[in-house]
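Working notes, structure below.
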Amino acid sequence: MASREELSSFLAAVERRAFKQAVFALRNDESALDAVQDAMLKLAEKYCDRPVGEFPMLFQRILQNVIRDAFRRRKVRSTWTTLLSAFSGADDDDDYDPLDTMVIDDPSSLGRSPEQNVGQAEVMALIEREIARLPGRQREAFLMRYWEEMDISETAAVMGCSEGSVKTHCSRATHSLAAALKLRGVKL
């Protein structure tokens with residue numbers, strides 16, 4: 001059974017990565033923040049009595065379910081909005097740009113020149129844009145495997161698919177990212 005401090009330190013450790021993962025999926029900062037907070041609350045309320053070692057997988061499963069729920073709510077909302085907007089005429093208030101929602105933080109700038117920091121920030125922004133362009137399942141598998149460092153079986157369990165599917169999604173994602181970065185002249 002995890003202590004309160006262990007739960008707090010786990011949540012603090014995964015907060016930023018979970019937010020980025022939710023932003024990639026939902027493409028909206030506010031929705032991503034809500035999703036991460038919901039996932040954290042559900043983990044704390046329902047699974048705080050579990051061992052600390054189970055937290056990463058439980059949290060990923062909860063976060064993915066919260067993101068799916070957000071998509072379902074968005075779909076229902078857009079259905080009703082579309083139906084209702086047909087009665088009100090043209091609606092031009094949709095000035096949402098997903099690129100505006102991407103926030104790049106550089107927590108470690110020690111030992112680098114300003115040019116190196118700018119170059120790294122540009123490459124990170126490019127990588128994040130390319131990750132955001134991946135198909136949903138590929139992005140989900142890629143983020144869990146390489147950002148969350150979950151193994152293949154954990155990723156498969158969270159995604160509800162076979163380990164072979166996870167490997168296929170990750171392989172396609174890395175090939176797509178490598179091709180996109182190479183096309184833009186980025187060498188890693």
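The shortest non-hydrogen separation linking Phe71 to Ala25 is CZ-O, 3.0 Å. The heavy-atom pair separating Val158 from Met144 by the smallest distance is CG1-SD, 3.5 Å. Pro56 and Gly53 make their closest contact through CD-O, 3.5 Å (heavy atoms, listed as atom of the first residue, atom of the second, distance). When every heavy atom of Val36 is checked against every heavy atom of Ala22, the shortest pair comes out as CG2-CB, 4.0 Å. When all heavy atoms are compared, the tightest approach of Ala141 to Val166 is CB-O, 4.4 Å. For the pair Cys170 and Arg145, the tightest heavy-atom approach, listed with the atom from each and the gap, is SG-CG, 3.3 Å.
For the atom pair CG (Asn65) and CZ (Arg72), the distance works out to 7.5 Å, reported to the nearest 0.5 Å. Atom CG in Leu33 sits 10.5 Å away from atom CG in Leu26 (nearest 0.5 Å). For the atom pair Leu58 CG and Leu63 CG, the distance stands at 12.5 Å (nearest 0.5 Å). The CZ atom of Arg74 sits 10.5 Å away from the CD1 atom of Ile67 when rounded to the nearest 0.5 Å. The structure places OG of Ser162 at 10.5 Å from CD1 of Ile152, a figure rounded to the nearest 0.5 Å. Note that CG of Leu177 and CG of Leu134 are 4.5 Å apart. Values are rounded to the nearest 0.5 Å.
Ring geometry for Phe10 against Phe55 counts as tilted: the plane angle lies between 30° and 60°, on a 0 to 90° scale.
Across Gln138, Arg137, Arg133, a single residue satisfies side-chain contact (heavy atoms from CB on, under 4.5 Å) together with Pro135, and that is Gln138. Partner of Gln60 under the side chain to side chain donor-acceptor pair (under 3.5 Å) criterion, out of Gln21, Glu140, Glu154: Gln21 alone.
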query = Would Ile131 and Tyr146 count as a side-chain contact (heavy atoms from CB on, under 4.5 Å) if you check the C-alpha gap in whole Å, the side-chain angles of each, and the deciding distance to 0.1 Å?
reply = CA-CA 12 Å; Ile131 289 173; Tyr146 302 114; over 6 Å; no

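Grouping Ile, Leu, Val, Met, Phe, Trp and Tyr residues whose side-chain heavy atoms lie under 4.5 Å apart, directly or via other members, leaves Leu41 alone, with no other cluster members.
Grouping the Ile, Leu, Val, Met, Phe, Trp and Tyr side chains by contacts below 4.5 angstrom, directly or via other members, places Leu181 apart from Val118. A continuous path of hydrophobic side-chain contacts links Val52 to Leu11 [ILVMFWY only; heavy atoms under 4.5 Å].
The shortest side-chain heavy-atom distance between Val14 and Arg17 falls under the 4.5 Å cut-off. Side-chain atoms of Leu143 and Lys20, non-hydrogen and from C-beta on, never get closer than 4.5 Å to each other. Side-chain contact check for Phe142 versus Phe24: every heavy-atom pair is 4.5 Å or farther apart. Between Met159 and Gln64 the shortest side-chain heavy-atom distance does not fall below 4.5 Å.
For Tyr47, there are no ring pair (Phe, Tyr, Trp, His ring centres under 6.0 Å) partners two or more places apart in sequence or in a different chain.
Without hydrogens or angle criteria, Glu54 side chain to Pro51 main chain gives no donor-acceptor distance under 3.5 Å.
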